[in-house]
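Written below as structure tokens is the structure these notes are about.
Numbered from 1 within each chain, the chains take letters A, B, ... in sequence-line order.
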Amino acid sequence: MSFLDMDERILEIAARVEVVYSPLVDLKEFPADVDVTIVEGGVSSEEDLHKIRMVRSRTKLLIALGDCAVTSNVPGMRNTFKVDDVMKRAYFENADLKQQVPSDVIPKLLPRTRPVHEVVPVDVFLPGCPPPADVIFGALVSLLDGTTPDLSGTRFGR
Amino acid sequence: MSGRPSAKPAAGAPSSKVKTLTIDDRLVSAREDESILDAARQNGIQIPTLCNLDGLTPVGACRLCMVEVKGSSRLFASCVTMVGEGMEVVTDSERLQKYRKTIVELLFSERNHVCAVCVSNGHCELQNLAQTLGVTHLTVPYLHPKLPVDASHERFVNDHNRCVLCQRCVRVCGEVEGAHTWDLRGRGIDTRVITDLNQPWGSSETCTGCGKCVHVCPTGALTEKGKSIREMAKQSRFLPYLTMMREDRSE
């Protein structure tokens with residue numbers, strides 16, 4: 001949402017980039033030879049781990065956007081508990097019907113949710129919950145211009 | 001030896017002796033019972049601090065104010081190191097910046113500072129430090145310890161997940177309120193702030209409920225119950241005024 005808070009400036013970015021993959025792009029497979037990938041969220045499940053490794057291998061510059069990607073933040077709050085206890089809480093204690101641990105559709109949880117850079121190398125960090133739209137815009141413009149982004153306008157948390 | 005750093009604490013009436021030294025190549029002077037941090041601040045040189053607070057005895061707990069002193073390879077916490085004649089101090093170098101960043105990173109990794117769900121989000125001194133020092137991510141792994149939250153007091157909460165062990169609460173309670181409800185137990189990474197003899201805050205017999213500890217706490221470790229993020233801004237500036245008014249009364 002903070003990304004969309006760039007408002008009309010998003011057109012300025014759009015004119016200079018080609019969006020090849022996003023949750024909104026109708027493409028199932030992550031394409032090869034991507035210049036920049038912006039990733040959000042912590043690495044929580046085996047599927048996340050598989051995805052981020054593939055993204056990294058096909059991307060030149062990886063940006064971790066937001067506290068979940070940078071610190072593991074709220075998804076990482078389960079890390080003080082064991083995975084079994086987390087699953088028990090979600091699928092038994094808080095479930096009224098069909099108490100069972102899902103095995104097919106839901107990817108298996110990793111022992112801990114980890115920030116992206118603990119799993120694969122990250123080139124640019126944009127902390128913040130969320131990072132201000134101005135910082136996101138400024139960072140994208142400086143990357144397009146080939147300069148180092150100024151990150152002094154954002155921090156962990158608000 | 002002149003210019004040699006000493007950690008002798010100031011006692012009694014302010015000294016009238018003046019020492020001359022250089023801080024970041026600037027010639028400055030300060031009373032002999034003043035710290036390098038005092039001297040720097042009086043001359044507009046900013047050194048980052050966390051445990052230090054105007055009105056409380058400096059303890060050198062956080063080590064963020066470390067400076068280089070020419071002639072010694074070790075670093076000195078400027079809040080507890082007194083000025084010396086001819087001393088040459090460097091407050092900002094690549095080495096110091098690296099150490100300061102690492103200190104902030106270690107503070108974040110040691111507890112669960114989940115800023116997004118903290119009542120101090122937006123007015124937290126640890127958050128501010130990370131921003132000013134350019135800590136955009138941690139190069140050390142998060143430990144995610146399982147820590148308790150003591151909400152037994154009727155008005156306040158002690159969340160160990162947010163504590164940085166700056167000991168401001170310990171000092172303000174002992175030095176200013178005179179109750180000494182707060183103290184530390186354990187060592188190293190197992191150190192915790194405790195109330196009375198490690199009993200729930202709500203059952204403390206010495207706590208007067210004054211709330212000074214809450215307002216000097218730099219993070220969301222000590223907060224008031226029922227306050228929203230916007231309402232829970234800490235008011236730590238009462239302290240110098242309070243001590244000043246008390247001094248006037250005793251004369």
Between chain A and each of Leu143(B), Thr139(B), Ile229(B), count heavy-atom pairs under 4.5 Å; write down the option with the most.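 Top option by heavy-atom pairs under 4.5 Å: Leu143(B).
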Of the backbone (N, CA, C, O) and the side chain (C-beta and beyond), which part of [X] lies under 4.5 Å from a heavy atom of chain A, both, or neither?
X	result
Pro145(B)	backbone
Asn121(B)	both
Asn128(B)	both
Leu147(B)	neither
Ala130(B)	side chain

Side chain from CB out, backbone as N, CA, C, O: work out which of these in [X] comes under 4.5 Å of a heavy atom of chain B, or both, or neither.
X	value
Pro130(A)	neither
Arg114(A)	neither
Thr154(A)	backbone
Thr71(A)	both

Check whether more than 12 heavy atoms from other residues, nucleotides or ligands sit under 6.0 Å from atom CZ of Phe137(A), and answer yes or no.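 Buried by this count: over 12 neighbours within 6.0 Å.
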Over all atoms of both residues, closest heavy-atom pair of Thr113(A) and Ser44(A):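 Here Thr113(A) and Ser44(A) meet closest at OG1-OG, 3.2 Å.
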Grab the two heavy atoms, one from Pro218(B) and one from Val164(B), that are nearest each other, plus how far apart they are.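 Here Pro218(B) and Val164(B) meet closest at CG-CG2, 4.2 Å.
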State which residue, out of Leu96(B), Ile47(B), Leu133(B), fulfils the side-chain contact (heavy atoms from CB on, under 4.5 Å) condition with Leu64(B).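 Of Leu96(B), Ile47(B), Leu133(B), side-chain contact (heavy atoms from CB on, under 4.5 Å) with Leu64(B) is met by Leu133(B) alone.
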Could you tell me whether His215(B) and Phe238(B) have their ring centroids closer than 6.0 angstrom?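 No, ring centres 6.0 Å or more apart.
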Any salt bridge linking Arg111(B) with Asp159(B)? Criterion: basic side-chain nitrogen under 4.0 Å from a carboxylate oxygen.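 Answer for the salt bridge query: no.
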Fit a plane to each ring of Phe125(A) and His117(A), take the angle between them on a 0 to 90° scale, and name the class: parallel (under 30°), tilted (30 to 60°) or perpendicular (over 60°).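 Perpendicular.
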